[in-house]
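Here the structure is laid out as structure tokens; the discussion comes afterwards.
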Amino acid sequence: MKSTGQNPTLSIVIPCYNEQEALPIFYKEITQVLAQMALPYALLFVNDGSNDKTLSILRDFAEKDSHVKYLSFSRNFGKEAAMYAGLSYANGDYVAVMDADMQDPPSLLPDMMEILRGGEYDCVAARRVNRNGEPPIRSWFARQFYKLFATISDADIVDGARDFRLMKRKMADAIVSLKEYNRFSKGIFGWVGFRTCWLPYENVARAAGETKWSFWKLLKYAIDGIINFSEVPLKIASWWGMGFSGFSFLMLVFIVLRRLVFGDPVAGWASTICVIIFVGGIQLLSAGIVGQYIAKVYAEVKNRPRYIISEENLRAEEQTDGPQT
Ligand code: UDP
Ligand code: MG
């Protein structure tokens, strides 16, 4: 799908991992919405190594509908890799990213398009105003994460922001130009800048299937996000170092003075051990934090492909100009 000059084109990137139940519902709804919007479009599904019938459903769609394009990964590379691949291949004037499970309501697209066409913004992003239908403990952790992230990183991310957004070509290009291996899209979207309009909407529960995120997966994702977009944890390690050095110097002065004044009674074995264990713990923790960053650096320098495609139906002419990596 090439830009036609006057009539702008729209590419929609949809990462899918085991979405056999949700896909037919999503496809039906999005095609209806796009038909009303009356502009040339392509649906670019990225099958992220699903082990259910997702791929055969996509083949089916593609056979019947020339708007449907798909990429299929050789294994599960994660949603970040799927979004990156989709954005690399999407070549519309406008590019949207949305989930296959209907949690990103297709009905918002016409409004988003309207806002972008107004010319004031480069990107419209959906923001959940509530987290209904989500376990409260998960919501609480999510809120704490957003607060912490806002304090210690310079990428601006908003609580409740989803990956669902519609952006102009130039922003999609900017995102693809960030080729890092450890991708944290919420941070990347904020980092590239551009004028973003936040479109609030009520949270919607998944239409079918199950969330792919366990609590631990989310926690790991949050930690990755912080490490990718902030150097504060590294600095904390040196602050601890400085704090303890200062403290131990004062202790030394105190102990020497006490020795001079009171002599040398053998005492304080327990307190010595406590201090040794405590400082040892802090040292290990700091080494661990440094290790986390080194692991990220290692993954970056290996520079492995972000994803491997095992099957796709992009036409040959389109392959020549994508991906823009
Ligand atoms: N997804 C993916 N690869 C993964 C996990 C998820 O492509 O490894 C896709 C999934 O198919 C869905 C979107 O990412 O379209 C969001 O996933 P999910 O609904 O599980 O996340 P949640 O909405 O609960 O945050
Ligand atoms: Mg979902």
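In listed order, ligands and their atoms are each counted from 1.
A parallel orientation is assigned to the rings of Y307 and F73, their planes being inclined by less than 30° (bins at 30° and 60°). Ring pair F229/F184 is tilted by interplanar angle, where 30° to 60° counts as tilted.
Counting only heavy atoms of the protein, atom 1 (N) of ligand 1 lies nearest to Y17 CB, 3.7 Å. Among protein heavy atoms, atom 9 (C) of ligand 1 sits closest to P15 O, 3.6 Å. At the top of the distance list for atom 16 (C) of ligand 1, counting protein heavy atoms only, stands D99 OD2, 3.1 Å. Protein heavy atom at the shortest distance from atom 18 (P) of ligand 1 is R206 NH2, 3.5 Å. Regarding atom 10 (C) of ligand 1, its nearest protein heavy-atom neighbour is E19 OE2, 3.1 Å. Protein heavy atom in closest approach to atom 6 (C) of ligand 1: K212 CG, 3.6 Å. Protein heavy atom in closest approach to atom 24 (O) of ligand 1: T211 OG1, 2.7 Å. Closest to atom 17 (O) of ligand 1 among all protein heavy atoms lies W213 NE1, 4.0 Å.
A salt bridge links R162 to D104: at least one charged side-chain nitrogen sits closer than 4.0 Å to a carboxylate oxygen. Under the 4.0 Å criterion applied to side-chain N and carboxylate O atoms, E311 and R59 are assigned as salt-bridge partners. Between R195 and D122 there is a salt bridge, since a side-chain N of the basic residue sits under 4.0 Å from a carboxylate O of the acidic one.
Remark: K220 NZ is loosely packed, at most 12 non-hydrogen atoms of other residues, nucleotides or ligands lying under 6.0 Å away. Surrounding NZ of K302 are more than 12 heavy atoms belonging to other residues, nucleotides or ligands, all under 6.0 Å away.
Of all atoms in ligand 1, listed by their number and element, those nearer than 4.0 Å to a heavy atom of D48 are 2 (C), 3 (N), 4 (C), 7 (O), 8 (O). Short contacts between ligand 1 and D101, defined as distances under 4.0 Å to a heavy atom of the residue, involve ligand atoms 19 (O), 23 (O). If you number the atoms of ligand 1 from 1 as listed, the ones under 4.0 Å from a heavy atom of C16 come out as 7 (O), 11 (O). The contact set between ligand 1 and Q103, taken as ligand atoms under 4.0 Å from a residue heavy atom, comprises 19 (O), 22 (P), 23 (O), 24 (O).
The proximity of N18 to ligand 1, defined as any non-hydrogen pair under 4.0 Å, does not occur for either the backbone or the side chain. Only the side chain of R162 comes within 4.0 Å of ligand 1, counting heavy atoms alone; its backbone N, CA, C and O stay farther away.
Checking each of F45, F61, Y41 against H67 for a ring pair (Phe, Tyr, Trp, His ring centres under 6.0 Å) leaves exactly one that passes, namely Y41.
Note on D101: its N/O/S atom closest to the Mg ion (ligand 2) is OD2.
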Exercise. How far apart are the C-alpha atoms of D48 and K79, what are their side-chain angles, what is the distance that settles it, and do they pass the salt bridge (Lys or Arg N to Asp or Glu O under 4.0 Å) test?
Worked result: CA-CA 7 Å; D48 184 14; K79 185 184 177 189; over 6 Å; no

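With Y201 as the aromatic partner, R127 does not meet the cation-pi criteria of under 6.0 angstrom to the ring centre and within 45 degrees of the ring axis.
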